[in-house]
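Report on the structure given below.
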Amino acid sequence: MKRRSQTQAQTPKEVNKKPKEKTGALTLDQLSSDVIWQLASQYWSPESKSEHLPYNADIIERIYADEMTSGKASARRINMLEFSQYLEQYLWPNYRREKATHAHVMSIVIMANEKFRERVEVWNVFQQLPDQYPAFFRHVLESCLPAQGTNENKSTLRERTALLMFLNHCFNSMEIELCREQAKRLVSLSMWHCLQPRRREQELRDVPEWRKYWKRLQKKEKDSPKPDVMWERHFMQNLIIDFLRIVERIPAEGELNSNVVHYCERFLEFIIDLEALLPTRRFFNTVLDDCHLIVRALMSPLVQREEGKLFGQHSYE
């Protein structure tokens with residue numbers, strides 16, 4: 001047994017121990033000299049409202065390119081933009097579908113996702129201009145898919161991941177009328193227009209009540225449905241097809257972009273959440289099965305790769 005004196009000698013002394021200084025904390029002087037804070041003061045900060053410059057769309061383009069998509073530091077810059085009330089004071093009040101650029105819609109999506117991350121109320125911002133929301137939601141949907149007739153998408157995979165996250169938030173907020181009115185059209189019975197006639201007939205035969213609704217739907221549409229309506233009805237199927245095109249092109253070996261993996265993981269999380277909600281699962285489940293999504297995801301090379309562990313776990317859920 002050690003003597004008391006030896007034990008005491010081995011005890012580290014804590015006298016004169018200085019507390020660790022916090023690193024990375026911004027001072028008031030640093031904030032006031034920051035470009036974001038300067039732009040906020042000039043264009044959208046409530047504290048300087050009487051001195052604001054006229055709305056300038058180029059400011060949104062500049063902030064998106066230099067601050068929101070500039071690399072690893074962008075997360076901190078997005079947080080600062082959220083603190084400055086960028087979404088509610090500048091982005092959303094000035095959104096108009098006919099004039100809004102890709103950077104504008106993506107900025108709104110990213111700032112909304114940041115509010116969800118911080119568990120801050122989001123939908124009250126959009127409810128300030130509810131008439132603009134349907135056009136914005138359609139703008140988001142169009143940004144998720146390649147242009148018609150091509151496989152090229154103007155959104156990068158990183159942007160499409162952000163778009164998926166926003167859509168997931170919408171579907172998980174069906175209690176909000178603003179969200180419900182837009183989201184339910186994508187997963188209602190009318191989405192069965194994208195099924196093969198034989199498969200659709202089989203499903204309607206199994207549930208006679210749905211056949212009644214289907215006949216009512218057909219009576220309402222004596223003429224051919226508008227192209228915009230048909231595009232919405234095929235949206236979920238086309239989103240799945242586009243995902244399968246991405247995941248099945250991943251090589252079994254070699255370099256793999258982390259943005260591809262992240263997108264695939266987020267996509268499956270989106271599908272899992274849709275399947276977990278009764279209002280979205282009822283008709284979507286049939287379309288999901290018709291596309292053989294789970295089987296094809298499990299057969300993809302990503303499941304066998306080290307980077308695809310989380311993707312593989314999601315595929316089995």
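If you read the sequence from its start, that first residue is 1, and numbering goes on from there.
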Looking at residues at least two apart in the chain, or sitting in another chain, which of them share a side-chain hydrogen bond (donor to acceptor under 3.5 Å, both in side chains) with [X]?
X      : answer
Glu232 : Arg185
His102 : Glu159
Ser188 : Ser190

List, one per line, each side-chain donor-acceptor pair under 3.5 Å for residues 298-310, sequence neighbours excluded.
| residue | atom | partner | partner atom | Å |
| --- | --- | --- | --- | --- |
| Ser300 | OG | Ala297 | O | 2.7 |
| Arg305 | NE | Glu307 | OE1 | 3.3 |
| Arg305 | NH1 | Pro251 | O | 2.9 |
| Arg305 | NH1 | Gly254 | O | 3.3 |
| Arg305 | NH2 | Gly254 | O | 2.5 |
| Arg305 | NH2 | Glu307 | OE2 | 3.0 |
| Glu306 | OE2 | Lys309 | NZ | 3.2 |

Taking the side chain as every heavy atom from C-beta outward, state whether [X] and [Y] have any atom pair closer than 4.5 Å.
X      : Y      : result
Gln218 : Tyr213 : no
Val247 : Val260 : no
Ile36  : Phe83  : no
Asp206 : Gln202 : yes
Met106 : Thr156 : no

Exercise for the section: Mind telling me whether Phe267 and Phe270 have parallel, tilted or perpendicular rings, with 30° and 60° as the class edges? Expected result: perpendicular
Practice task
Could you tell me whether the side chains of Asp290 and Gln237 share a donor-acceptor contact shorter than 3.5 Å?
Solution key: no
Between [X] and [Y], is there a side-chain N and carboxylate O pair less than 4.0 Å apart?
X      : Y      : answer
Asp289 : Arg199 : yes
Glu209 : Lys212 : no
Glu269 : Arg266 : yes

Practice task
Tell me, with the steps shown, if Glu203 and Arg198 meet salt bridge (charged side-chain N to carboxylate O under 4.0 Å, His left out).
Solution key: CA-CA 9 Å; Glu203 297 296 331; Arg198 186 175 296 179; over 6 Å; no
Under the salt bridge (Lys or Arg N to Asp or Glu O under 4.0 Å) test, which residues partner [X], sequence neighbours left out?
X      : value
Glu248 : Arg296
Lys184 : Glu181
Arg96  : none
Glu82  : Lys115

Handout entry: Distance, nearest 0.5 Å, that separates NE2 of His234 from CG of Leu145
Key =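 Here the rounded value is 12.5 Å.
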Practice task
Kindly compute the distance separating CD (Glu275) from CD1 (Ile271), expressed to the nearest 0.5 Å.
Solution key: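 Rounded to the nearest 0.5 Å, the CD-CD1 separation comes out at 7.5 Å.
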Name every donor-acceptor pair, under 3.5 Å, that has one atom in a side chain of residues 124-138 and the other anywhere in the protein, sequence neighbours excluded.
| residue | atom | partner | partner atom | Å |
| --- | --- | --- | --- | --- |
| Arg138 | NE | Glu142 | OE2 | 3.0 |

Handout entry: Under 3.5 Å: donor-acceptor pair, side chain of Trp192, backbone of Phe283
Key =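 Checking the backbone N and O of Phe283 against the side chain of Trp192, a donor-acceptor pair under 3.5 Å is found.
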Practice task
Check whether any side-chain N or O of Ser107 sits under 3.5 Å from a backbone N or O of Tyr64 as a donor-acceptor pair, and report yes or no.
Solution key: no
Output side-chain donor-acceptor pairs under 3.5 Å for residues 163-174, partner residues at least two apart or in another chain, one line each.
| residue | atom | partner | partner atom | Å |
| --- | --- | --- | --- | --- |
| Asn168 | OD1 | Asn172 | ND2 | 3.0 |
| Asn168 | ND2 | Asp273 | OD2 | 2.9 |
| Asn172 | ND2 | Asn168 | O | 2.9 |
| Ser173 | OG | Trp123 | NE1 | 3.1 |
| Ser173 | OG | His169 | O | 2.8 |

Exercise for the section: Kindly check if the number of other-residue, nucleotide or ligand heavy atoms within 6.0 Å of CD (Gln196) is above 12? Expected result: no
Handout entry: Which atom of Thr280 lies closest to which atom of Phe284, heavy atoms considered
Key =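 Here Thr280 and Phe284 meet closest at O-CB, 3.0 Å.
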Handout entry: Of all pairs that satisfy salt bridge (Lys or Arg N to Asp or Glu O under 4.0 Å), the ones with a partner from residues 53-70, not counting sequence neighbours
Key =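 Qualifying pairs: Glu67-Arg77.
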Handout entry: Among Trp44, Trp37, Tyr43, the one residue meeting side-chain hydrogen bond (donor to acceptor under 3.5 Å, both in side chains) with Ser84
Key =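 The option that passes is Trp44.
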Problem - With His104 via ring-ring contact (aromatic ring centres under 6.0 Å, His included) - residues at least two apart - result: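 His104: ring-ring contact (aromatic ring centres under 6.0 Å, His included) contacts with Tyr95.
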